Structure formats: C-alpha cells, structure tokens
Amino acid sequence: QATVLKISHQFPGGTLEEGDFRDRLCRMFAAEVQKRTKGALKFEIYPGSSLMKTNAQFSAMRKGALDLSLVPLSYAGGEVPEVNIGLMPGLVPSYEVGAAWKNAEVGKELNRLLLDKGIVVVSWIWQAGGVASRTKAVVDPDDVKGMKIRGGSREVDLVLKAAGAAVVSLPSNEIYAAMQTGAMDAAMTSSTSLMSFRLEEVSKYLTSGRGQSYWYMFEPLMMSKAIFDKLSKEQQATIMAVGAELEAFATKAAKQDDALVATVYEKKGAKVVDLNAATVKKWQAIAKATAWKDYADRNESCAKLMKMAEKLL
Amino acid sequence: MSHGFELEPPKGPPIPDNPAVAAIARVLNAINELIVKVSMVAMLLTALVLTYSVVMRYLFKVPTDWQDEASVFMLIGVSFFSGAYVQSYRGHIGIEFLSTVLPPSVNRVRLIMVDVVSGAFCAFFSWKSWTLFHEAWVDGQTTTSTFAPPLWIPYGMMALGMSLLSLQILTQVLAAITVSKVAPVAAGRPA
Amino acid sequence: MSPLTLGVLYGVVTLLVMFSGMSIAFALGVVATGFMYFFMPAASLDTITQNVYEEMASITLLSIPLFILKGAAIGKSPAGRDLYSAIHAWLHKVPGGLGIANVFACAMFAAMAGSSPATCSAIGSAGIPEMRRRGYSPGFAAGIIAAGGTLGILLPPSITMILYAVASEQSLGRLFLAGIGPGLLLVVLFSGYAVYRARHEYQLALAAYQQGGVKSAYLDEEHFTLRQKVEMLPRVLPFVILLIGVMVALYGGYATPSETAGLGALLAMVLIAIVYRVWRPKDIAPFIASTIKESTMLLFIIGMSLLYSYVMSYLHISQSAAQFVVDLHLSKWLLLSVILMMVVVFGFFLPPVSIILMMCPIILPPLRAAGFDLIWFGVVMTIVMEMGLIHPPVGLNIFVIKNIASDIPLRDIVMGVLPFLLLMLVAVILLCLMPQIATAFPDALMGVK
Ligand code: NA
Ligand code: NA
C-alpha cells in the first residue's frame, strides 16, 4: 500500500525536463523518492496554485492538511514573524552566503523554530531577483525617488519607502496590466518570475540579479511535520537525503535563470544593468536602518536570528 | 416586481406565526437592518478609499500600501455580515424545481430538511471560523504587507457573520415547524 | 475508489443536493464538506474556513461588488431610464435596436470590468426592465443580458485570462488583444440574433393583436422628431463621462484594475448626485442595498465554489479526468473537441477560475504538442467557459438575472439563453476555421509570434 503525498506550489507547471525550475525540482524530488522507496511513497504535484491559494499552504502544512509545499518562506510572515528573515534585503548578498545558512547557527535556529511550528525544511533553496522597470534603470537607491514601485513584501517595501519610492501594493496577477498602462513603474521579484510574468513585454529596463544582488529569497521545499512523523525512519531519511541532494540543482538552475532573464529582456530591446559591490552596500545600508531594525525589534527571537545571520556577512 | 424603477425600500421579510419565534425574528431583522446600514457606509467608504489611493499616488506620489487591504477587509465584512440579511429574504438563490412538482405537504418537509442541512453547514462553518479567529488572536497573526493589519479582524467578521446566518436559518426552521396554517406552495420563498 | 469513480459520485451528489432546492452556495459547501469528511484527512476540515477566506480575500474578486454598484447607480436611478429613452428614440426604427444597444452596453462595460456576473448585473438592472417595457419577451431580454454579460471575461481586462496567461506561460498582453476579435464577433452574432428575434416577436405580437388579443408594447406607434431626438442627447452625457473617465483612468495608467472599480462606483454616484440630485441617503440607500444583496449572494456562491473545487482538486478528480483524456492519444481535432466538452461539463459546477487552475497544467502540454496555438486556445476556452456561466445548474449569470428580475421563471431564463449558447458554439467553430479572428489583432500590434 503506497502512501500518496501531495506537493503544492504556485509556479507554472511543466515536466521533469522542462519548465520553471521550482516545478522541476518538485518533480525530480517526487521521482527520486518514489524510486528509492520502491514506490512506497508516491506523489501528486499541484502546480500553479491548483490545489489551494499560495497563502493557505503554510498553515495547511502546519495542520497536517497539506503534505509538502515549495513556497517563499516569507509569505508566512504574518503567521510566524520570524520567517520574514527569508526575504530581507541585503542580508544575503550572494548564493554562497545563502548556502552557508543551512549548517550555520542561523539555519539551525530557523530549522528549530520551524520544527516547533510543525514544519520540516526538506530542501534549502535560495533565489536572486531583480527589478523590471518601464521608466528608468534602478541601480542606486536614489533611482527609485518618486517611482511607483512594487516591492512585494513588507521588508522590501520599507527599504523602497526609505529610498523615496511611492510603494504600490497590488496583487501579483495585476502587475502586468499595471506596468502596461503605467499605473506602476517598476516591480521587484525573482529572476524566474520576472520571466514567467512576461514583464519583458512591458519593461524598458532590467536590473539583473546575476553576479551581485541585494535581493535573495529563501523558498524551501517544506513538509508537514505531522505527516513526516508518520513515515518510517527510513522513508524520512530518504526524503531528507533527496531534498539535500537537490539543493545543488536548485542553485545551478537559479543562477541559470539570473543569466537567462538578462538575455530575454535584451532580446525584447530592454536595457540590462547589473549591480556591483558598492551599489549593493548602499542598499544594504538603508536596509540595515529600516527593514533589519524593524525585524529585530519585533521580538527576541527575531533579534536573535538577525544577529546570527549577520555573522555570515 | 422589478418592472420599473423602485426607489422605495423593500418590505421586510415575513414574520413567523408563533409569537416566540416571531420575537426572535424581529430581533434578527432589526440586527440585519442595522448591519445593512453599516454595510452601505462601508461600501461607499471602500469606493472612496480606492479613489483616494489613485489621487494620492498620482498627484502627490504618496505610497499607497494600505488601501487594498482596507478595502478587502471592508468588503469581506460586508459580504459575511450581510449573509443573514440576504437569507432573511431567501436571497441565496437555489433551484426551485421540485416546488412546482411536489404536493404542498411533501414540499413543506423538503424545505425544512433543506434548511436544517444548510443551517448545520453554516453552524459548522461558524465554529471553524471562530477557531481560526482564536488562532489569529492568540498568535497575533497579521497579513504579510507593510500595513500588516491583524487577521483577527476579517476572521472575526467571518465568524460573526456566519454565526448570525446560522441563527437566521435556525429561526426560519423554527418558523416553518411552528407555522399555524400551511400557506399554499413554498411558504415565504420566491418561486 | 478511483478518482474517476469518485468524480462521478461527486457530480451526482452535487446535482441531487442542488435539485433538492438548497441554495447553490450552501449546496456547494455541504457537498464539499461532506466529501472532505469521508474521503480526506480529518485535518482538512480544520482548513475550510481559511481556504475560503484566502480565496475571497483578493481585491480582484472583491471588486465585483463595486462594479455592481457602479452599474446600479446608473441603472436603478433616473439616469438609466433617460439613457434608454434616448437610445430608444434613436434606434426604435431598427428591429431589435434596444437589444443591440444592450449588447453594446455589455461590451463597453466588459472593457472596464474583469468579471462576467458584474457586467451582467450592471447592464441588466436597467436593461431588462427597459426591454420588457417595450414588449421584449422576458426570456429574450434575460438571454441578451446573460449572454452579453459573458463578454466580461472575453474582453480585457479579464480575471480568468490573467490566470490562463500565467498557467500557459503566454503573454497576457497578447491574450487580451486576442480576445477582442472574438468579442466583437460575438457582439455581431448576438446583435444579429436580436434583430431576428425582435422581428419574430413583433410578427407574433401583431398576429395576436389582429386576432383581438392584447396590444403588445412592440406595436406602440412612436414618432420622434429630429429635434426631440437631439434634445435627448444630453441625457446620455453622464454615461459618456463615466465611460470615458473610467477608461482613461484604467488605460491611461492612472489606476490599477481594482482601483478602477472603486473609482468608477464613486464617479457614478457623483454624476447622479449632480445631474439627477440623487444623493440623499433615502435616494441612494435602495440601490446600495440591492447591490449588497446581489454581491453577497454572488460572493457566497463564488467562495463556496472555490471550496468545492478545492475538494475536487484534492481528490484529483479533474486532474485524473484530464489525464484520462490526454492518455487516449486522440488525433488533433478530436483531442480539442473532447477537451472542450470536458470544459463544458466542469462548467456545470465550477466557475472559470477553478477550471483554468485545475485543467491547464494537464491539458496544455498535449495541446501544444498537437500544434495548437495556446493564445488561440485560451480564447476558445474562455468562450466555452462563458457558456458555463449561462447554463445550469451553476450559472452565475443566470443567478444574477434571477436576482434582478425575480418574476421571470428560471425556465424562461434558461430557454431564453439557449439560442445564445448555440451562437457561442458557432463562434467557437468559426474560430476553429479561421483562427485569425483571434490572432490577427495581436499579430498586427505585437508582431507575429
Ligand atoms: Na473585461
Ligand atoms: Na454552469
């Protein structure tokens, strides 16, 4: 009797070989775990929020109503404030620093905290992002003065506001239309989403996340602890092992997308700009005074996590 | 109905025969009337808030980051709180196919059964909404935006609204059970 | 139980519960919760309220009440009557002229709203009584509005096209443009039918009168001098201002699509306050109250149908059905036909949003492999899903009309809608024969893919 586990995510669906890498990762994970458990564990993958809304996933996993999900951790920030650290501008300045989290103090503490909330982190995935703009290239913080821009999270919005932007809040499915008409000048999101939203069609500038960026998002593959605990020790070990093995694939694919997004935008005639260490430092300075402080001031546990994360810088 | 332009307010929902049930119904009707008045204001306010958002962003380049969520909360409140009001007029539409086919006595039992099941569902939904409200309250949950308003507000409105709706259906069931004489075809329902 | 057997059971139980006379919203909720209890982990029951909340707490969905308010402000105040009098004065010589005007009004409203029931309600609240006052049969009047309302998601902006664009990884701009041609085609087909049907009803009315029956309003001899006609034109002005104001705000980049809903509602209220002095609480309360009633009814159905489709998705019903069809390895056009038929069947119960989310990940790859242009298919699928909005048992537009004109029996509405369903089928066939109807416009503006 095979156990069927459901994996839900919000990204476009594809196949093992093709499509959004986050969907591919889920499929590779499913195939490999099924193979190694000789079919004792099987998976159903629900791409594109076809099972439930993005924001419902985390809570459903905590309650044991959903088995697995690949989702930006900071989306659960309203429920568990500590997880906002998963999208903290400037706190992770490279894939290397992101990768170091898992086995560093900060990763262990985050892991413990999530376990406590009923969540098992299976695969540690980081992804860089950039800015698509229709009016001007966003490199320095000064560039966003007066721009109508969507940051997409509390922490990013705080930084943008401090830099003088008119922050816009609107649902992600309205980004394209708002950029097309000019209701919005720019949007900040992951490299892969910059492509899947097709923003290249309505943008003239891209700030790419290749090489240097201040925007890294933690979007792990997670599992419900209630469900995880019901599996045999062997099955649990297989899940954790396959999850860890796929981290290398994720980093490679994320970096490929950082490069690919630049090509896609260039092809459409957009001007692509890159960040350098100095510009990243400028953003970091603003973030430190706003988002980092705002986060650390929330509670002791947040302050502790922030301190641990800063040690990796 | 609806031939011309009726600008006069609609008449109230039917009052049950049984005096005790009628008293409950009157209280509920009064609550519903009040809720509709508040909902009207909330709706106009929502339109104002969204317009304000456009004006501020366009003319003054001021960030507009709370208007969407404020609007969502107000409209969630309007929708759930008005559920009972709509039910009091039997405004939640269904397929009234059997009412023309079945004899009146069978119909009466069918309607009561249908209401009992609907009421049970709404009561279950209310219970689960209160649990959700409790979780959000205890954990201090908020939305994920910069504005980050607490989630107990919409959850609480959902829970209260659904509870009121359950109570409304219960009253209608009681009214149907205690009816003094059976009215011809589908009492109190639009055909 | 296999997902497909479970699916059949789900459908049958739903039909039984709905035909028992339970309100559609509660029926969907009861069936979903029941199946959750029997076939899903116990923890699922703890998540139903959050699932419903997360689905409903989107400003895109919640802009529906505001769009309805905008329509009601014009439609249920003297502004609507004046507007229709003016249209009637100019068009009364054209058979079915008022019907055509309503189809156009729906198309114009559709260009501002992203939802079909909102379009239906906005135009229908004045359109249906006005058509009936001039002799149109209730079913015909209802059919025009129900069908015209479906343009809401075919003409941009459109909630469902946004979802489709993401699911299919196609350009939203291109998809929006691709909806315009078929939207206009439907406008032409609906208008053509309006002329035919109005003529037919006129002849029937004439025959009945000549045999000594009652005189239908169709037969009222009316004459308007050019001067009278011209004098009526200013009455159209508030409507034109509203239309232009909202269009400029939306397409000029001043407002986001959801903000447009609030802006439009406010503008409509301001206009009737200035032009018709309708501003006192007792003047505006009735139509705000009716807006609340209608949108609450609608949002309850939408909220519960999202819960219903969550259960369907969890039990893998729709996915297994789609996979089953895909695994048959049918020839190109057969594949398309079977898939579209499946969309129709799901349309019995589900709103377009859910159909897209559950089916697209499975049906799009084989359709792409079979050589179909996914932009073109998105438009075809939208039209087929629109058919679901106007056919029973769950047809949101039908419920809206039942609410606007509660004295029209459901049977008359369904019969009135039937010819329009056929016309939409014709549109789908025409689109298969001439894909350019959809693709020419985006190709011209954005270059050939
Ligand atoms: Na539209
Ligand atoms: Na339907």
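What you see is a predicted model, and the numbers here were worked out from it, not measured in a lab. Numbered from 1 within each chain, the chains take letters A, B, ... in sequence-line order.
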Task: Sequence neighbours excluded - side-chain hydrogen bond (donor to acceptor under 3.5 Å, both in side chains) pairs with any residue from residues 42-53 of chain B - done: B:Ser53-C:Glu259

- [ ] Might you point out which heavy atoms bring C:Thr296 and B:Val78 nearest each other, and give the distance in Å?
- [x] OG1-O, 4.2 Å

Task: Interface moiety of C:Met304 toward chain B, non-hydrogen atoms closer than 4.5 Å - done: side chain

Open item on the list: Using 0.5 Å steps for rounding, measure from the CE atom of B:Met43 to the CG atom of C:Leu66.
Closed with: 5.5 Å

Task: Distance-minimising heavy-atom pair for C:Ile59 and B:Ser71 - done: CD1-CB, 3.7 Å

Open item on the list: If you compare all heavy atoms of B:Val36 against all heavy atoms of C:Ala289, which two are closest, and at what distance to 0.1 Å?
Closed with: CG1-CB, 4.3 Å

TODO: Measure distances from C:Ile284 to the heavy atoms of chain B and classify the residue's part below 4.5 Å as side chain, backbone, both or neither.
DONE: side chain

Open item on the list: Quick check: under 4.5 Å, non-hydrogen atoms only, which of residues 154-168 of chain B neighbour chain C?
Closed with: B:Pro154, B:Tyr155, B:Met158, B:Met162, B:Leu165

- [ ] Rounded to the nearest 0.5 Å, what's the gap from OG on B:Ser79 to CG on C:Leu62? Could you check?
- [x] 6.0 Å

- [ ] Answer with side chain, backbone, both or neither: which region of C:Leu266 has an atom nearer than 4.5 Å to a non-hydrogen atom of chain B?
- [x] both

TODO: Check whether C:Phe399 gets within reach of chain B through its side chain, its backbone, both or neither, counting any heavy atom under 4.5 Å.
DONE: both

Task: Best-contacting candidate, B:Leu102, B:Ile95, B:Leu151, against chain C by heavy atom pairs under 4.5 angstrom - done: B:Ile95

Task: Between C:Ala27, C:Pro281, C:Gly29, the one whose heavy-atom pairs under 4.5 Å with chain B are most numerous - done: C:Gly29

- [ ] State, to 0.1 Å, how close B:Leu98 and C:Ser20 come at their nearest heavy-atom pair, and which atoms those are.
- [x] CD1-CA, 4.0 Å

TODO: To the nearest 0.5 angstrom, please state how far the CD1 atom of B:Ile169 sits from the OG atom of C:Ser23.
DONE: 7.5 Å

Open item on the list: Just verifying a value: how many Å separate C:Leu263 CG and B:Leu50 CG, rounded to the nearest 0.5 Å?
Closed with: 9.0 Å

TODO: First locate atom CD1 of B:Ile76, then atom CG of C:Leu299, and finally report the distance between them rounded to the nearest 0.5 Å.
DONE: 8.0 Å

Open item on the list: Sort by residue number and list every residue of residues 119-138 of chain B having at least one heavy atom under 4.5 Å from chain C.
Closed with: B:Phe121, B:Cys122, B:Phe124, B:Phe125, B:Lys128, B:Ser129, B:Leu132

TODO: Against chain B, label C:Ser58 side chain, backbone, both or neither, depending on which of its atoms sit under 4.5 Å from a heavy atom there.
DONE: backbone

TODO: Apply side chain to side chain contact (heavy atoms under 4.5 Å, CB included) to the pair C:Phe287 and B:Met40, showing each step before the final yes or no.
DONE: CA-CA 10 Å; C:Phe287 67 77; B:Met40 287 183 193; over 6 Å; no

Open item on the list: I'd like to verify something: which residue of C:Ile408, C:Leu410, C:Thr33 has the highest number of heavy-atom pairs under 4.5 Å with chain B?
Closed with: C:Thr33

Task: Donor-acceptor contact present, side-chain B:Arg57 to main-chain C:Tyr254, <3.5 Å - done: yes

Open item on the list: Any heavy-atom pair between the side chains of B:Phe80 and C:Met56 that's under 4.5 Å?
Closed with: yes

Open item on the list: Can you tell me which portion of B:Ile35 sits under 4.5 Å from chain C's heavy atoms? Options are side chain, backbone, both or neither.
Closed with: neither

Open item on the list: Applying salt bridge (charged side-chain N to carboxylate O under 4.0 Å, His left out), can you list everything that pairs with C:Glu294, at least two apart in sequence or on another chain?
Closed with: none

Task: chain B contact via C:Val17 - which portion, at a heavy-atom distance below 4.5 Å - done: neither

Open item on the list: Which heavy atom of C:Ala265 sits nearest to which heavy atom of B:Ala47, and what is that distance?
Closed with: CB-CB, 4.3 Å

Task: Flag if over 12 foreign heavy atoms under 6.0 Å of CE, C:Met415 - done: no

- [ ] Could you tell me the separation between the CE atom of C:Met297 and the OH atom of B:Tyr89, rounded to the nearest 0.5 Å?
- [x] 15.5 Å

